[in-house]
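What follows is a short report on a single structure.
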Amino acid sequence: MRHPPILFSTVMTVCLSFGACASASAAQACPPDGWPVERLESLKQGGFVIADANERAALALALTDCLAAPDPGLRDGIAFEALSGWMRKGELPPETLRAMRERLYAMLGAPDADGYAWPFAALVLSEVARTDRLAPWMTPAERSTMVLRAVAYLESVRDYRGFEPDEGWRHGVAHGADWLMQLSLNPALDGPQLHRIVDAVATQAVPASGVAYVFGEPQRLAAPVVYAAQRAIRDEAGWTAWFAALVTRLGDPSLAWRDPQWLARRHDLVAFLQAVYVEADQSADTRVRTLLPGVVAALKTLP
């Protein structure tokens with residue numbers, strides 16, 4: 001399939017499998033009260049259909065707590081799939097989306113000991129951003145805040161775990177890239193906001209930590225860059241300079257071919273450049289094709 005530096009007063013919630021989630025302030029249920037696992041699984045089998053709009057909205061808000069659940073069946077297979085499905089069908093009204101968004105922002109500001117809550121909050125926020133792109137409901141100020149939060153999230157990711165047997169997905173970089181992709185597609189964003197998104201991508205396209213991506217992260221990171229290019233935020237020279245700057249992120253040239261972290265960064269950069277190249281080369285949009293000279297030049301200058 002598919003952290004942040006902003007702090008909130010919301011306390012950390014720790015979900016214990018399918019049981020209760022404990023927090024320092026109050027007990028939060030996951031699964032929600034009145035929705036035992038068996039009922040949620042039955043709801044999933046029925047396509048998450050809830051006829052009553054109020055009941056659906058209430059469950060949507062309650063399921064945000066389950067995005068931190070250690071069990072991937074509950075976290076990913078039920079909570080995320082239900083929330084995504086309802087949003088893609090237009091079944092959650094703006095007031096529910098706004099409340100959900102604030103809960104997810106709070107989740108990003110709280111500790112995440114197990115590493116599930118932040119990436120899944122970001123993934124659901126990408127779906128929230130998609131709803132506003134298709135049928136605008138955010139104010140310009142709310143949209144601007146979301147851009148800043150999405151950028152802050154992606155830039156701050158330091159947990160690079162992707163998929164693990166029995167634990168499922170975390171995938172923080174990819175989910176952050178998905179959030180930025182949905183924002184980059186929104187015609188309401190202006191040039192400076194798109195520049196900020198693209199520059200955030202650069203920080204993870206060649207992560208300083210030297211982790212070698214193996215879970216498709218470069219392809220996901222390429223998407224917001226390609227979509228931003230459709231808005232002609234840079235000319236060919238500007239993109240060429242941007243890609244050239246990525247090469248400098250490899251670090252000390254004396255480490256070339258001698259250091260595992262340097263090798264991992266090179267691996268990530270090549271994968272990212274190739275992902276952008278494929279998308280741009282296959283595009284008939286002349287604005288997107290302005291990416292090509294810079295990508296080729298960067299590939300040629302790589303050690």
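- Of the possible polar contacts, one joining the Trp118 side chain to the Ala110 backbone as a donor-acceptor pair under 3.5 Å is found.
- Cys30 SG to Leu63 CG: the interatomic distance, rounded to the nearest 0.5 Å, is 7.5 Å.
- In this structure the side chain of Leu123 never reaches within 4.5 angstrom of the side chain of Trp179, judged on heavy atoms.
- Between Arg287 and Arg231, the closest side-chain pair of non-hydrogen atoms is not below 4.5 Å.
- Using a distance-only test at 3.5 Å, with no hydrogens or angles considered, a donor-acceptor pair links the side chain of Thr240 to the main chain of Glu236.
- Side chain of Arg56 to backbone of Glu91: a donor-acceptor contact under 3.5 angstrom is found.
- Across every non-hydrogen atom of Arg143 and Ala188, the tightest pair is NH1-CB, 3.6 Å.
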Q: Show the numbers, then the answer: is there a side-chain contact (heavy atoms from CB on, under 4.5 Å) between Trp137 and Val128?
A: CA-CA 10 Å; Trp137 55 270; Val128 174; 3.7 Å; yes

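- In plain terms, the two heavy atoms of Ala57 and Thr96 that are nearest each other are CB-OG1, 3.4 Å.
- Partner of Ile197 under the side-chain contact (heavy atoms from CB on, under 4.5 Å) criterion, chosen from Leu183, Ile233, Val225: Leu183.
- Note that OG of Ser84 is 7.5 Å distant from CZ of Arg130, once rounded to the nearest 0.5 Å.
- When only modelled atom types and interatomic distance are considered, Gln182 and Ser126 share no side-chain donor-acceptor pair under 3.5 Å.
- The two residues Gly46 and Val49 make their nearest non-hydrogen contact at O-CG2, 3.4 Å.
- Aromatic ring pairs are classed by plane angle as parallel below 30°, tilted from 30° to 60° and perpendicular above 60°; the pair Phe272 and Phe243 is tilted.
- In this structure, the ring of Phe120 has its center less than 6.0 angstrom from the ring center of His175.
- The heavy-atom pair separating Val201 from Pro224 by the smallest distance is CG2-CG, 3.8 Å.
- Neither side chain, Asp285 nor Ser283, offers a donor N or O lying under 3.5 Å from an acceptor on the other.
- By the rule that hydrophobic residues join a cluster once side-chain heavy atoms approach within less than 4.5 Å of another member, Tyr116 and Phe80 end up as members of separate clusters.
- Between the side chains of Tyr227 and Glu279, no donor-acceptor pair is found at a separation under 3.5 Å.
- A side chain to side chain donor-acceptor pair (under 3.5 Å) with Tyr160 is found for one member of Glu217, His171, Gln204 and no other, namely Gln204.
- Residues Leu59 and Trp86 are in side-chain contact: their nearest non-hydrogen atoms beyond the backbone lie under 4.5 Å apart.
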(Q) Apply side-chain contact (heavy atoms from CB on, under 4.5 Å) to residues Met87 and Leu97 and explain how you reach the verdict. (A) CA-CA 9 Å; Met87 283 188 275; Leu97 294 171; 3.7 Å; yes

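- Considering only heavy atoms from C-beta on, Asp159 stays 4.5 Å or farther from Asp112 through its side chain.
- Proximity of a side-chain donor or acceptor of Arg75 to a complementary backbone N or O of Pro70 within less than 3.5 Å is detected.
- Looking at Trp262 and Asp252, their side chains never bring a donor and an acceptor atom within 3.5 Å of each other.
- Grouping the Ile, Leu, Val, Met, Phe, Trp and Tyr side chains by contacts below 4.5 angstrom, directly or via other members, places Leu302 with Val296.
- Checked by atom type and distance alone, the side chain of Gln261 pairs as donor or acceptor with a backbone atom of Ser209 at under 3.5 Å.
- Residues Val278 and Val270 do not share a hydrophobic cluster, clusters being chains of Ile/Leu/Val/Met/Phe/Trp/Tyr side chains in contact below 4.5 Å.
- Atom OG1 of Thr131 sits about 16.0 Å away from atom NZ of Lys89, to the nearest 0.5 Å.
- Taking hydrophobic clusters as Ile, Leu, Val, Met, Phe, Trp and Tyr residues chained together by side-chain heavy-atom distances below 4.5 Å, Met181 does not share a cluster with Met138.
- Taken to the nearest 0.5 Å, the OH atom of Tyr153 stands 13.5 Å off from the CE atom of Met146.
- Here the side chain of Arg170 pairs a donor or acceptor atom with the backbone of Asp114 at under 3.5 angstrom.
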Q: Carefully, step by step, assess Arg103 and Leu61 under the rule side-chain contact (heavy atoms from CB on, under 4.5 Å).
A: CA-CA 8 Å; Arg103 287 189 178 210; Leu61 292 176; 3.9 Å; yes

(Q) What verdict does the side-chain contact (heavy atoms from CB on, under 4.5 Å) test give for Glu142 and Asp132, after you've listed the backbone C-alpha separation in whole Å, the side-chain angles of each residue and the deciding distance to 0.1 Å? (A) CA-CA 11 Å; Glu142 287 176 311; Asp132 178 64; over 6 Å; no

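- Considering CZ of Arg220 and CZ of Phe215, their distance stands at 12.0 Å, rounded to 0.5 Å.
- Shown here for Pro207 and Tyr213, the closest heavy-atom pair between the two residues is CG-OH, 3.5 Å.
- Under the 4.5 Å side-chain criterion, counting only non-hydrogen atoms from C-beta, Arg149 is not in contact with Leu125.
- By the 4.5 Å heavy-atom criterion applied to side chains, Asp281 and Arg289 are counted as neighbours.
- Cluster annotation: Leu134 is not connected to Leu180 through the hydrophobic network of ILVMFWY side chains, with a link wherever side-chain heavy atoms come within less than 4.5 Å.
- To the nearest 0.5 Å, the span separating CD on Gln193 from CG on Asn186 amounts to 9.0 Å.
- Contact annotation: the side chain of Thr203 approaches that of Arg249 to within less than 4.5 Å [non-hydrogen atoms, C-beta and beyond].
- A pairwise comparison of heavy atoms in Leu67 and Ala79 identifies CD2-CB, 3.9 Å as the closest pair.
- Between Trp35 and Leu43, some side-chain heavy-atom pair lies under the 4.5 Å cut-off.
- Judged by distance alone, with hydrogens and angles left aside, the side-chain atoms of Arg265 form no donor-acceptor pair with the main-chain N or O of Val206 at under 3.5 Å.
- A donor-acceptor distance shorter than 3.5 angstrom exists from the side chain of Arg266 to the backbone of Pro303, with no hydrogens or angles considered.
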